[in-house]
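Below, chains carry the letters A, B, ... as their sequence lines are ordered, and counting in each starts from 1.
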Amino acid sequence: MFREKYRQVERMLQACTGEEDVLLTGGGDHADLASTVAFKLAKQRKKAPQQIAADLAAEIAALPDLGDIRVEATGPYLNFHFGDAYLRASVQRAIEPGYGKLPRRPERVVLEHTSANPNGPLHVGHIRNTIIGDTLARAFRKAGYPLEVQYYLNDMGRQIAIVSWGFDTLGIERNEGEKADHYVARVYVAANRAMEKDPGTVTEIDRRMQLVERGDAETVQKFRAAVSLCAEGIKETLAQLHGSHDRFVWESDFIRIGDVDRIIDRMKRLPQAHEDETFWIDLSEVGIEKKYILRRSDGTSVYSARDLAYHTWKGRNYDRVIDILGADHKLIGAQLSATLPLIGENPPEIVYFEFVSLPEGSMSTRAGKFISADELIDEVTAKAMDEVTSRRPELPGEERAAIARSVTIAAIRYDIVKIIPEKSTVFDWKEALDFERQSGPYIQYAHARACSILEKAGEFETAFEYSTEHEIALAKHLARFPVVVEQVVAELRPHLLAAYARELADLFNAFYHYDPVLRSEDVTRSSRLTLVDAVRNTLQESLETLGIDALRSM
RNA sequence: GGGCUUGUGGCCUAGCCAGGACAUGGCGUCAGCCUCCUAAGCUGAAUGCCGGGGGUUCAAAUCCCCCCAAGCCCGCCA
């Protein structure tokens, strides 16, 4: 609804000014839309911007297709206000099930996220990747795109060689009830310590990596067993976070099916290719001075070569290829993106996110210095359970536990997705355990309140008459939801959705406080109930897109 | 040393790409609101030279240049 009005105002302004760009912005407190085009015209028309704005306002006010839009000049600014018909239509659309779903798109999208090395559990840094990626995935589906979500599973890296060696030589048993990925991490940390004491083991690690590259069945099997075990635990954590993947892509498959060899053969014909003891690409012509090494002197392929094969495959099978990567991948991401076009393949769109560190410094799986996602979930769940128990002591334990689990995921996902990815953050327990404003549970709470009102109201006729400040602000905000979904997928910025949902909850809470629903009468009552239903529906759709449960009661 | 990213009240944070009307919101502090639809809520108050310095513009948190600080990267690791 907002988009239609925006287009209409834009067309009218373009017609009246002859300008292509009419400098439309959100009007903030002043208007629903505003234009500063008068400043731009002041020079060419040699008149004061105030005068131009006044003239334009008069001209537009006389247009026949203005509808319920009101236009006025406030100094040099042209302000547009939307009227009753807009409010009515906005609320009407927002009560439809599935509100915000955009028309079906033909472009097939593949989105890769998380893809953490399977040598230990996901930690609080990895889940920033998961949550940004999964929220984007949900937004793409909401925006009508056919989508596949992938996890690129490294089953042939050095870390995995170390784990497999650890399993074979250290004899570490899995503890009772120990989660698979935590067990793998314990073996990995122990193996690293053992290697530090006896540097001779490095040779054995190198030997295993060569065997895997050659496809030695026994070694491949050992690697895969270790990776599968760890992935089992990682999948459990992902499921708890409401993150999901359609496909796990095994890195070694690109060697096994010959894609890596084919890529390197194609690369050899490039003028930028160099073959001495290693095989590498010279990217200095695009400003990357670093050698992009694809094959080692011992003949084995480097990660970069497998990555090229993987992205070539994705580029051929999908129209948009999106990767979510940590900021530490910026250089190799740039190398990958610069190299693919050289062989006529499409580079991916990459969303980088900066690091999450601990107050005492950066995290390290190898050193065993990290807060695992599982530990975070456990701590937050315990706090959530306390909260639920103190607020709703009458509920059965089972139900309280279910609410606590939902609140936990809401708190964790929202805390992470609300921050722009470019900002590095320091993990803070106090913030993680805060369920007040600007939190996921705060938005869930607004939704539960709306549900509670509707439940008490029973049957009612829909009506759309709005006059109070809070009703109008709410109706106008509802209209923007589809635009936000569109913007999130266009700009790959999921935090916009987090901000939108919080603003909607803020507006609803103010409305809830000032405008009684159940105690009002006649058309006011039914109009407000209709508005509450529209808010309930839009919050539910927003929360779902954020991967958060829209609880009916909490 | 080079590259990328960030720097917004005591703390956290949006706005910056597409420059415009009093810079968004939260935490914390202080003062209020539960005979009234769930107080995970609402209201009010105090707190800002938008890292620093130049420039462009009628107009700069936003664009350009320089500087400072922090994080990350600069492996025949992944």
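Interface remark: the A/Ser424 side chain does not form any donor-acceptor pair with the B/G71 base, using a distance-only criterion of under 3.5 Å. Scanning atom types as modelled, no donor and acceptor separated by under 3.5 angstrom connect the side chain of A/Gln438 and the base of B/A14. For B/C76, the base has a donor-acceptor partner in the side chain of A/Ser297 [N/O atoms by modelled type, under 3.5 angstrom]. With hydrogens and angles left out, the side chain of A/Asn79 and the base of B/A21 share a donor-acceptor pair within 3.5 Å. Residue side chain A/His513 does not reach the base of B/C33 through any donor-acceptor N/O pair under 3.5 Å, judged by distance alone.
The cationic atom of A/Arg449 (NZ for Lys, CZ for Arg) lies less than 6.0 Å from the six-membered ring centre of A/Tyr512 and within 45° of the ring axis. The cationic group of A/Arg306 does not satisfy the cation-pi geometry with A/Phe254, failing either the under 6.0 Å distance to the six-membered ring centre or the 45° limit from the ring axis.
Mapped onto RNA chain B by nearest heavy atom, A/Ser301 and A/Met554 fall at different nucleotides, with A/Met554 at the one closer to the 5' end.
With ring centers used as reference points, A/His477 lies under 6.0 Å from A/Tyr500.
A glycosidic torsion no more than 90° from 0 defines the syn conformation; B/C50 lies beyond that range and is anti.
The same atom, C1', is picked in B/C72 and in B/C11; the two are 24 Å apart, to the nearest Å. Between B/G44 and B/A69, the distance separating the two C1' atoms is 38 Å to the nearest Å. Spacing of P atoms, B/U13 relative to B/G9, comes out at 10 Å, to the nearest Å. B/G26 and B/G15 are spaced 15 Å apart, taking the C1' atom of each and rounding to whole Å. B/C63 and B/G20: their P atoms are spaced 10 Å apart (whole Å).
Contact check, A/Lys330 against B/G3: no side-chain N or O comes under 4.0 Å of OP1 or OP2. Phosphate proximity of B/G15 to A/His495: present, with a side-chain N or O under 4.0 Å from OP1 or OP2. At the phosphate of B/A70, neither OP1 nor OP2 sits under 4.0 Å from any side-chain N or O atom of A/Lys423. Within the structure, a side-chain polar atom (N or O) of A/Asn509 is placed less than 4.0 Å from OP1 or OP2 of B/C42. The side chain of A/Tyr442 contributes an N or O atom lying less than 4.0 Å from OP1 or OP2 of B/C42. For the pair A/Arg502 and B/G25, the criterion of a side-chain N or O lying under 4.0 Å from OP1 or OP2 is not met. When the side-chain nitrogen and oxygen atoms of A/Arg493 are compared with OP1 and OP2 of B/G15, one or more of them lie within a distance under 4.0 Å. Remark: A/Arg296 is in phosphate contact with B/C77, judged by side-chain N or O atoms under 4.0 Å from OP1 or OP2.
No contact: A/Asn119 has no heavy atom under 4.0 Å from any strand. Heavy atoms of A/Glu503 sit nowhere under 4.0 angstrom from any nucleic acid atom.
Without hydrogens or angle criteria, A/His311 side chain to A/Asp307 main chain gives a donor-acceptor distance under 3.5 Å. One N or O on the side chain of A/Asp434 and one on the backbone of A/Glu436 form a donor-acceptor pair closer than 3.5 Å.
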Quick one, A/Glu204 with A/Arg207, criterion salt bridge (charged side-chain N to carboxylate O under 4.0 Å, His left out). Give me CA distance, side-chain angles, the key distance, then yes/no.
CA-CA 5 Å; A/Glu204 171 57 17; A/Arg207 194 181 68 86; 3.0 Å; yes
Where do A/Arg208 and A/Phe223 land on the side chain to side chain contact (heavy atoms under 4.5 Å, CB included) test, with the steps shown first?
CA-CA 9 Å; A/Arg208 285 183 186 232; A/Phe223 277 38; 4.0 Å; yes
Within the sub-3.5 Å range, which N or O atoms of nucleotides 72-75 of chain B have a protein N or O partner, and how far apart are they?
residue	atom	partner	partner atom	Å
B/C74	O3'	A/Lys290	NZ	3.4
B/G75	OP2	A/Lys290	NZ	2.8

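Residue A/Phe435 contributes atom CZ, which lies 17 Å from atom C1' of B/U38 at whole-angstrom precision.
The neighbour count for A/Gln44 CD, taken as heavy atoms of other residues, nucleotides or ligands under 6.0 Å away, is above 12.
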